[in-house]
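Both ligands and their constituent atoms are indexed starting at 1 by order of listing. Nothing here was measured: the structure is a model prediction, and the numbers come from that model.
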Amino acid sequence: MDIISDPLLFQQQASTWRRLGETTALVPTMGAFHEGHLSLMRYAKTQARKVMVSLFVNPSQFGPSEDLSAYPRDLDRDVHLAQEAGVDLLFNPRPEAMYALDHATWVEVPSLARDLCGRTRPVHFRGVATVVVKLLNLAQPTLAVFGEKDWQQLAIIKRLARDLFIPTHIVGRPIVRDEDGLALSSRNAYLTPEERAMAPALSQGLRQAKAWVREGLTRSKDLLDRLALFYASDLALARVDYLRLVDPENLTPVEEIRQPALLAAAVYLGRARLIDNILIPV
Ligand code: AMP
């Protein structure tokens with residue numbers, strides 16, 4: 001596995017592979033790999049001859065009071081895991097190489113970024129969209145793979161790729177969970193044992209809500225009220241940031257479930273902010 005930190009060398013290597021006719025895949029990450037990341041890499045390897053993984057804790061997607069400096073980092077472990085997953089190239093740039101001192105260009109998708117996580121993280125998706133466009137321009141891959149855990153992020157990236165005619169196929173992959181249902185996340189490392197023991201209630205609530213819909217509870221307000229009660233008792237240590245039922249593509253609110261909808265939740269639990277979602281079929 002090659003490890004490259006210089007963006008132009010990364011661009012050259014990706015372009016060499018393209019010229020040789022290889023299919024290529026990019027998996028953007030911030031490192032601290034877990035099975036969720038590794039599942040994306042392994043999937044990428046089934047779809048493309050050459051798999052590139054970027055490992056970059058992107059400063060511009062963290063707000064001033066967020067956890068940029070505390071974000072878990074373990075490059076040696078990540079290198080080893082990526083190699084085992086069959087990755088061909090790990091791109092690990094320094095922030096100065098990705099953002100020149102006079103960097104002035106931002107990519108924004110306001111209609112999709114305003115609600116849900118965008119409410120409490122106002123600069124987050126601008127940072128994500130901008131760095132993903134940089135990475136796609138460097139790698140120009142056949143496909144780029146993202147997790148459905150960050151559903152809003154995936155919706156934004158699909159939209160910007162379409163709107164900007166970026167010739168990369170954007171692929172979403174299912175959420176990988178621990179045995180007790182908690183969606184894997186690098187930020188789960190922030191949880192105390194007591195918080196970790198309670199955290200699976202987040203996904204239990206979503207599955208429970210899906211069952212309520214099946215039993216006929218199809219009005220959004222009723223569903224979300226009932227879910228809020230569930231969390232007040234079973235996730236009592238957490239503070240709910242949002243519970244929303246939205247259109248899976250446009251992320252606009254759904255009042256009544258008549259077509260598939262996305263139920264998305266974010267909670268603060270101790271030092272961690274946890275997100276999860278579930279698709280609700282009709
Ligand atoms: P991150 O390193 O948190 O920026 O995540 C990098 C990629 O891995 C993103 O596309 C995430 O959506 C994806 N990802 C993170 N956690 C999971 C998970 N539990 N299951 C599937 N994909 C995930």
Residues Glu256, Thr218; criterion side chain to side chain donor-acceptor pair (under 3.5 Å); working and verdict
CA-CA 6 Å; Glu256 174 87 37; Thr218 57; 2.6 Å; yes
Heavy-atom contacts with [X] under 4.0 Å: which atoms of ligand 1 show up? List them by number with element.
X      : value
His37  : 1 (P), 2 (O), 3 (O), 5 (O), 6 (C), 8 (O)
Pro174 : 20 (N), 21 (C)
Gly147 : 9 (C), 10 (O), 11 (C), 12 (O), 13 (C), 22 (N)
Ile175 : 20 (N), 21 (C)
His34  : 15 (C), 16 (N), 17 (C)
Pro28  : 6 (C), 7 (C)
Met30  : 1 (P), 2 (O), 4 (O)
Phe146 : 10 (O)

For the CD atom on Glu194, are there more than 12 heavy atoms of other groups (residues, nucleotides or ligands in this structure) within a distance under 6.0 Å?
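12 or below, so no.
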State whether Arg177 and Asp276 are salt-bridged, where the test is any N-O pair (Lys NZ or Arg NE/NH1/NH2 against Asp/Glu carboxylate O) under 4.0 Å.
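Here Arg177 pairs with Asp276 in a salt bridge, since their nearest N and O are under 4.0 Å apart.
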Do the charged groups of Asp178 and Arg196 touch, with an N to O distance under 4.0 Å?
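A salt bridge is present here (some side-chain N lies under 4.0 Å from a carboxylate O).
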If you have a sec, work out which protein heavy atom is nearest [atom] and how many Å separate them, to one decimal?
atom                    : answer
atom 20 (N) of ligand 1 : Val176 N, 2.8 Å
atom 12 (O) of ligand 1 : Asp150 OD2, 2.6 Å
atom 8 (O) of ligand 1  : Leu40 CD1, 3.4 Å

Would Arg226 and Asp222 count as a salt bridge (Lys or Arg N to Asp or Glu O under 4.0 Å) if you check the C-alpha gap in whole Å, the side-chain angles of each, and the deciding distance to 0.1 Å?
CA-CA 6 Å; Arg226 199 153 159 195; Asp222 300 341; over 6 Å; no
Nearest neighbour of atom 19 (N) of ligand 1 from the list Leu184, Ile275, Val53, Thr29, on a heavy-atom basis:
Leu184
Report the relative orientation of the aromatic rings in Phe62 and Tyr71; use parallel for angles under 30°, tilted for 30 to 60°, perpendicular for over 60°.
perpendicular
Taking atom types as modelled and ignoring hydrogens, do the side chains of Arg244 and Asn277 form a donor-acceptor contact shorter than 3.5 angstrom?
no
Touching ligand 1 at all, Ala32? Heavy atoms, strictly under 4.0 Å?
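Checking ligand 1 against Ala32, which is what was asked, there is no heavy-atom contact under 4.0 Å.
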Looking at every heavy atom in both Val107 and Thr130, which two are closest together, and how far apart are they?
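Nearest heavy atoms, Val107 then Thr130: N-OG1, 2.9 Å.
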Show your working on salt bridge (Lys or Arg N to Asp or Glu O under 4.0 Å) between Asp88 and Lys45 and close with a plain yes or no.
CA-CA 9 Å; Asp88 298 279; Lys45 196 68 196 179; 2.8 Å; yes
